[in-house]
Amino acid sequence: MALQAGLVLIIVFLLMLVLSVPISVSIVISSMAAILSVLPWDMAIFTASQKIVTGLDSFTLLAVPFFILSGILMNNGGIAERLINFAKVLVGRMPGSLGHANVLGNMLFGSLSGSSVAAAAAIGGTIGPLQKKEGYDPKFSAAVNIASAPTGLIIPPSGALIIYSLVSGGTSVAALFIAGYIPGILWGLACMVVGFIIAKRRNYPVSERVSFKVAFKTFLDAIPSLLLIVIVIGGILGGIFTATEAAAVAVAYTFLLALIYRTVKISDMPRIIMETVEITAVIMLLVAASSIMSWVMAFTGIPTAISEIIMGISDNPIIVLLIINIFLLIIGTFMDITPAVLIFTPIFLPIAMSFGMDPIHFGVMLIMNLSIGNITPPVGSALFVGASIANLDLEDVIKPLIPFYIVIIIVLLLVTYVPEISMLLPRLLGY
């Protein structure tokens with residue numbers, strides 16, 4: 001049954017994608033085709049309808065639209081420039097300082113907005129002209145911006161980790177958030193190391209030393225934006241509110257901040273809310289569709305069959321995790337992170353757990369793998385946005401990105417095979 005349903009599921013799903021059918025519709029059609037191959041029509045439709053409702057009936061999922069709204073408010077709220085100025089003060093005396101400021105800016109703004117595309121556009125669009133003025137190669141500047149843009153998908157608060165928590169059966173959102181810090185920071189530091197080496201070889205300029213007064217004022221300007229991280233993460237860890245309530249608090253705080261900065265008007269809110277509704281609707285449709293697929297796979301035993309195939313290749317955890325990583329890296333190149341998390345978590349999480357891998361550790365590894373897909377061809381969204389912001393063709397930035405790809409993959413392997421990188425902070429905090 002697993003072989004029959006699995007073949008139908010894969011063939012129909014790939015056919016739908018080739019025909020450019022929206023991925024949520026592709027998931028539903030392929031799932032229904034698979035289950036109809038083993039169940040009567042009336043029973044399949046009735047159960048699938050139930051799974052759609054139960055898949056969306058989740059308090060945790062309420063965090064998603066709130067975090068989306070918070071991110072959109074930040075994109076319109078003039079926060080990027082303040083974070084860039086703060087980053088420039090921190091790394092201003094290093095060779096290629098503007099490149100390092102770009103990385104730090106993406107890490108800070110990306111974590112606040114929860115979007116690699118928003119980070120690449122906001123930070124790259126602001127700091128790119130400054131780099132050009134200082135004599136930086138535009139290809140190098142674009143590569144730095146693109147390579148570091150996805151760090152905000154791992155550094156909390158992260159919508160992708162919330163989705164993973166839901167699909168994995170209730171893995172602690174707070175633990176996942178905390179687990180993402182060190183891997184996300186390592187990703188950013190790896191990009192900075194490559195940037196430092198290239199900048200040193202090309203003698204890129206060092207920013208002028210700023211006075212203590214200017215540095216202190218810059219820090220004060222950035223504090224309100226940085227406080228959002230403290231409020232959200234601190235509130236969750238302190239038991240003051242849940243992740244969903246933290247998302248609502250983030251919306252209230254960013255809205256207040258935008259009003260204080262006078263970058264968002266009340267008249268802008270209908271447009272911002274409509275944008276939030278549109279993005280949320282897409283995600284919720286994916287969640288509903290993937291609920292059917294998860295049920296189909298569980299009912300027909302597809303994850304068990306895939307596990308047996310992989311275990312048939314090798315029962316060595318190192319080899320198995322390498323196979324999973326390679327598969328996820330390939331998937332990430334053509335599939336968006338949300339549907340990929342929804343589809344492949346039920347397949348690979350049981351395999352990883354059979355080796356004693358903690359769901360928190362696996363979640364960080366999964367999200368990191370799929371985040372890399374944001375900056376790789378053929379459909380990397382942050383890659384396209386970063387190249388577009390720099391007014392470059394896609395071919396112009398691929399070669400400069402290669403050294404960054406290498407160090408990011410090295411960090412991924414470290415995260416995969418050294419559990420303490422992900423698990424140190426959650427264990428210290430009792431998760």
Side-chain angles (χ1 to χ4, degrees), residues 68 70-92 96-153 155 187-188 191-192 195 199 204-205 207 218 221-222 225-226 228 254 257-258 261-265 268 271-272 275-276 279 371 374-377 379-398 400-401 404:
I68 291 171
S70 175
I72 294 174
L73 284 169
M74 287 177 202
N75 295 344
N76 291 269
I79 292 173
E81 187 174 350
R82 290 171 174 82
L83 293 178
I84 287 174
N85 291 335
F86 175 63
K88 284 167 64 178
V89 169
L90 291 180
V91 295
S97 56
L98 289 179
H100 303 310
N102 194 334
V103 175
L104 283 178
N106 276 339
M107 292 170 70
L108 293 170
F109 187 79
S111 66
L112 291 172
S113 66
S115 169
S116 59
V117 172
I123 303 299
T126 303
I127 207 168
L130 299 178
Q131 290 174 308
K132 188 175 182 179
K133 185 178 179 181
E134 293 287 340
Y136 286 72
D137 180 0
K139 297 176 184 178
F140 166 77
S141 301
V144 171
N145 181 44
I146 293 166
S148 57
T151 51
L153 296 173
I155 301 173
W187 183 328
C191 292
M192 292 177 71
Y204 284 145
S207 298
T218 303
D221 286 342
S225 302
L226 296 174
L228 178 62
T254 50
L257 207 59
Y261 289 156
R262 297 182 180 180
T263 50
V264 172
K265 301 176 182 177
D268 294 328
R271 172 183 58 82
I272 291 173
E275 186 177 349
T276 303
I279 296 173
S371 296
N374 274 251
I375 58 173
T376 54
V379 293
S381 52
L383 173 65
F384 284 105
V385 170
S388 176
I389 288 294
N391 294 315
L392 295 171
D393 292 330
L394 196 61
E395 297 79 11
D396 295 330
V397 298
I398 295 299
L401 272 169
F404 294 96

The reported gap from NE2 in His100 to CG in Leu90 (rounded to nearest 0.5 angstrom) is 12.5 Å

For the pair Asn106 (side chain) and Val103 (backbone), establish whether a donor and an acceptor sit closer than 3.5 Å, ignoring hydrogens and angles.
no

What's the spacing between Lys132 NZ and Leu98 CG if we round to 0.5 Å?
14.5 Å

Looking at Ala143 and Leu401, what are the two nearest heavy atoms and their distance?
O-CD2, 3.4 Å

State, to 0.1 Å, how close Thr151 and Ser148 come at their nearest heavy-atom pair, and which atoms those are.
OG1-O, 2.8 Å

If you compare all heavy atoms of Leu392 against all heavy atoms of Ala142, which two are closest, and at what distance to 0.1 Å?
CD1-CB, 3.9 Å

Is there side-chain contact between Asn85 and Asp221, with at least one heavy-atom pair below 4.5 Å?
no

Rounding to 0.5 Å, atoms OG1 (Thr276) and CZ (Arg271) come to a distance of 10.0 Å

Compare all side-chain heavy atoms of Pro150 with those of Ile375 and state whether any distance is below 4.5 angstrom.
yes

With no hydrogens and no angle check, is any side-chain donor or acceptor of Asn102 less than 3.5 Å from a backbone partner on Gly124?
no

Given 3.5 Å as the limit, does a donor-acceptor pair link the side chain of Ser388 with the main chain of Phe384, or not?
no

Looking only at atom types and distance, does a side-chain atom of Asn374 sit under 3.5 Å from a main-chain N or O of Ser381, one as donor and one as acceptor?
no

Side chain to side chain contact (heavy atoms under 4.5 Å, CB included) between Thr218 and Lys88, intermediate numbers included:
CA-CA 10 Å; Thr218 303; Lys88 284 167 64 178; over 6 Å; no

Please enumerate all residues that pass ring-ring contact (aromatic ring centres under 6.0 Å, His included) together with Tyr204, with sequence neighbours excluded.
Tyr136, Phe140

Heavy-atom check, side chain of Leu257 versus side chain of Leu228, under 4.5 Å
no

4.5 Å side-chain heavy-atom contact, Ile398 and Leu383:
yes

Looking only at heavy atoms, which two atoms of Asn145 and Gly386 are closest? And how far apart?
ND2-CA, 4.2 Å

Minimum-distance pair of heavy atoms, taken over all atoms of Ala149 and Ala119
O-CB, 4.1 Å

Would you check if the side chain of Asp393 reaches a backbone N or O of Glu395 as a donor-acceptor pair within less than 3.5 Å?
no

Is there a side-chain contact between Trp187 and Ser371 in this structure, where contact means two heavy atoms from C-beta onward sitting under 4.5 Å apart?
yes

Of all heavy-atom pairs linking Gln131 and Ser141, the shortest is OE1-CB, 3.2 Å

Ile146/Phe404 under side chain to side chain contact (heavy atoms under 4.5 Å, CB included): CA gap, chis, key distance, verdict:
CA-CA 10 Å; Ile146 293 166; Phe404 294 96; over 6 Å; no

